[in-house]
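Please read all numbers here as calculations on a predicted model, not as lab measurements. Heavy atoms only: backbone and side chains are in, while hydrogens, waters and symmetry mates are out.
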Amino acid sequence: MENCGEIAVQIAASGPDSNWPHIMEAIFTAINSADKSIHITTPYFIPNDQILTALKTASRRGVEVKLLLPKKGDSWAAKYATNSYILDVLESDIEVYHYCKGMIHAKTMVIDGEFSSVGTSNMDYRSFEINFEINALIYNKEFSQKMIAIFNDDIEDCEQINIDEWKERGLVKRLKESFCRLWAPLL
């Protein structure tokens with residue numbers, strides 16, 4: 001077996017058998033420590049208040065925040081719930097991209113091009129509090145740069161969401177989003 005060098009990796013696990021949402025806390029801490037950039041890819045963006053506030057605060061203090069989501073999801077309810085958060089993050093100057101080449105199911109985050117998280121946890125209530133999840137927290141600049149390169153390749157297959165166009169989406173869509181957001185903790 002070839003030696004690939006030494007990379008610092010920490011494993012964070014969460015689930016209903018834990019007293020603490022370890023993955024959520026790791027993500028929260030990473031977002032709050034960001035100085036330059038945050039790149040997140042997730043199929044479901046239904047953040048709790050702590051993560052949403054951390055992302056918006058990071059953007060408002062000058063951190064470049066980019067969020068990559070699938071344009072078409074595998075759950076209509078989760079998709080509408082995700083969409084209910086988009087205007088909120090756009091108003092905080094967070095860039096939101098819809099992946100157009102199908103369902104993207106990656107769950108990654110890169111902070112400042114130096115720290116990465118890769119795992120099973122979505123950016124949602126269920127992953128933080130209910131489901132059994134595991135993420136690798138990787139403290140390596142070279143690995144993180146590769147993750148950013150993958151993120152940037154995926155951006156090529158995306159359309160960026162424009163805040164003015166997003167505000168013009170129809171009333172029926174906004175009502176569906178509001179309804180699904182009520183059920184967000186269960187999705």
S.K.: Can you check whether Thr41 reaches Tyr99 side chain to side chain, under 4.5 Å on heavy atoms?
M.R.: no
S.K.: Flag yes if more than 12 heavy atoms outside Glu142 fall under 6.0 Å of its CD atom; otherwise flag no.
M.R.: no
S.K.: Side chain to side chain contact (heavy atoms under 4.5 Å, CB included), that's the test. Do Asn83 and His98 meet it? Break it down for me.
M.R.: CA-CA 11 Å; Asn83 287 349; His98 269 156; 4.2 Å; yes
S.K.: From Asn48 CG over to Met123 CE, what is the distance, rounded to the nearest 0.5 angstrom?
M.R.: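 So the gap between those two atoms works out to 9.5 Å.
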S.K.: Got a second to check how far Ile138's CD1 is from Met109's CE, nearest 0.5 Å?
M.R.: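 Result: 10.5 Å between the selected atoms.
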S.K.: Check the pair Phe143, Val9 against side chain to side chain contact (heavy atoms under 4.5 Å, CB included), reporting the backbone distance first and the verdict last.
M.R.: CA-CA 11 Å; Phe143 181 86; Val9 177; over 6 Å; no
S.K.: Is there a continuous path of hydrophobic side-chain contacts, each under 4.5 Å between heavy atoms, that joins Ile11 to Val118?
M.R.: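 Yes, because Ile11 and Val118 connect within a single hydrophobic cluster, where side-chain heavy atoms sit under 4.5 Å apart.
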S.K.: Counting distance only, does the side-chain N/O of Ser59 pair as donor-acceptor with the main-chain N or O of Val65 below 3.5 Å?
M.R.: no
S.K.: Looking at every non-hydrogen atom in both residues, tell me the closest pair between Ala54 and Asn32 and how far apart they are.
M.R.: CB-OD1, 3.7 Å
S.K.: Any sub-3.5 Å donor-acceptor pair from Ser18's side-chain atoms to Ser14's backbone N or O?
M.R.: no
S.K.: Membership question, hydrophobic clusters at under 4.5 Å side-chain separation (ILVMFWY): are Trp166 and Val89 in the same one?
M.R.: yes
S.K.: When hydrophobic residues are tied together by side-chain contacts of less than 4.5 Å, even through go-betweens, does Ile27 share a cluster with Val96?
M.R.: yes
S.K.: Would Tyr44 and His105 count as a side chain to side chain contact (heavy atoms under 4.5 Å, CB included) if you check the C-alpha gap in whole Å, the side-chain angles of each, and the deciding distance to 0.1 Å?
M.R.: CA-CA 9 Å; Tyr44 312 108; His105 210 260; 4.1 Å; yes
S.K.: Taking Thr82 for the side chain and Phe45 for the main chain, is one N or O donor matched with an acceptor at less than 3.5 Å?
M.R.: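 Yes, Thr82 side chain to Phe45 backbone: donor-acceptor pair under 3.5 Å.
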S.K.: Please name the pair of heavy atoms, one in Ile31 and one in Arg61, separated by the smallest distance, quoted to 0.1 Å.
M.R.: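 Heavy atoms only, the tightest pair is O-NH2, 3.4 Å.
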S.K.: Any donor-acceptor pair under 3.5 Å linking the side chain of Thr53 with the backbone of Gln50?
M.R.: no
S.K.: Ignoring hydrogens and geometry beyond distance, is a side-chain donor-acceptor pair present between Glu114 and Ser144 at under 3.5 Å?
M.R.: no
S.K.: What distance do Leu55 atom CG and Arg60 atom CZ have between them, rounded to the nearest 0.5 Å?
M.R.: 11.0 Å
S.K.: Counting N and O atoms only, with roles assigned by atom type, does the side chain of Lys71 sit under 3.5 Å from a partner on the main chain of Cys158, one being a donor and the other an acceptor?
M.R.: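 No, because the side chain of Lys71 does not come within donor-acceptor range (under 3.5 Å) of the backbone of Cys158.
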S.K.: Would you confirm whether Asp112, through its side chain, and Asp35, through its main-chain N or O, come within 3.5 Å as a donor-acceptor pair?
M.R.: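 At least one qualifying donor-acceptor pair exists.
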S.K.: Could you state whether Phe28 and Phe115 fall into the same hydrophobic cluster, counting links through intermediate Ile, Leu, Val, Met, Phe, Trp or Tyr residues with side-chain heavy atoms under 4.5 angstrom apart?
M.R.: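 In one cluster: yes.
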S.K.: Ignoring hydrogens and geometry, is there a side-chain-to-backbone donor-acceptor pair from Ser92 to Lys56 under 3.5 Å?
M.R.: no
S.K.: Using side chain to side chain contact (heavy atoms under 4.5 Å, CB included), reason through Asp17 and Phe132 one step at a time and then give a plain yes or no.
M.R.: CA-CA 8 Å; Asp17 62 342; Phe132 288 101; 3.3 Å; yes
S.K.: Tell me the closest heavy-atom pair linking Met147 and Thr108, and the distance in Å.
M.R.: CE-CG2, 3.5 Å
S.K.: Can you name the closest pair of heavy atoms from Leu137 and Ala26 and give their distance?
M.R.: CD1-CB, 3.8 Å
S.K.: When hydrophobic residues are tied together by side-chain contacts of less than 4.5 Å, even through go-betweens, does Leu69 share a cluster with Ile46?
M.R.: yes
S.K.: Just one of Leu90, Leu87, Asn162 clears the side chain to side chain contact (heavy atoms under 4.5 Å, CB included) bar with Lys167, so which one?
M.R.: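 So the option named by the test is Leu87.
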S.K.: Nearest 0.5 Å please: distance from the NZ atom of Lys107 over to the CG atom of Asp124.
M.R.: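 Separation between the atoms: 9.0 Å.
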S.K.: Any side-chain heavy atom of Asp157 within less than 4.5 Å of one from Cys100?
M.R.: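 Contact flag for Asp157/Cys100 side chains = no.
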S.K.: Short question: side chain of Gln145, backbone of Gly113 - any donor-acceptor pair under 3.5 Å?
M.R.: yes
S.K.: Of the non-hydrogen atoms in Ser127 and Glu133, which two are nearest, and what is the gap between them?
M.R.: OG-OE2, 3.1 Å
S.K.: Roughly how far apart are Ile134 CD1 and His22 NE2, rounded to 0.5 Å?
M.R.: 11.5 Å
S.K.: Which value, rounded to the nearest 0.5 Å, describes the distance between Phe151 atom CZ and Leu68 atom CG?
M.R.: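 Answer for the CZ-CG pair, Phe151 versus Leu68, is 5.0 Å.
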S.K.: Would you kindly say whether Ser117 and Asn135 are connected by a side-chain donor-acceptor distance under 3.5 Å?
M.R.: yes
S.K.: State, to 0.1 Å, how close Tyr85 and Ala81 come at their nearest heavy-atom pair, and which atoms those are.
M.R.: CD1-O, 3.2 Å
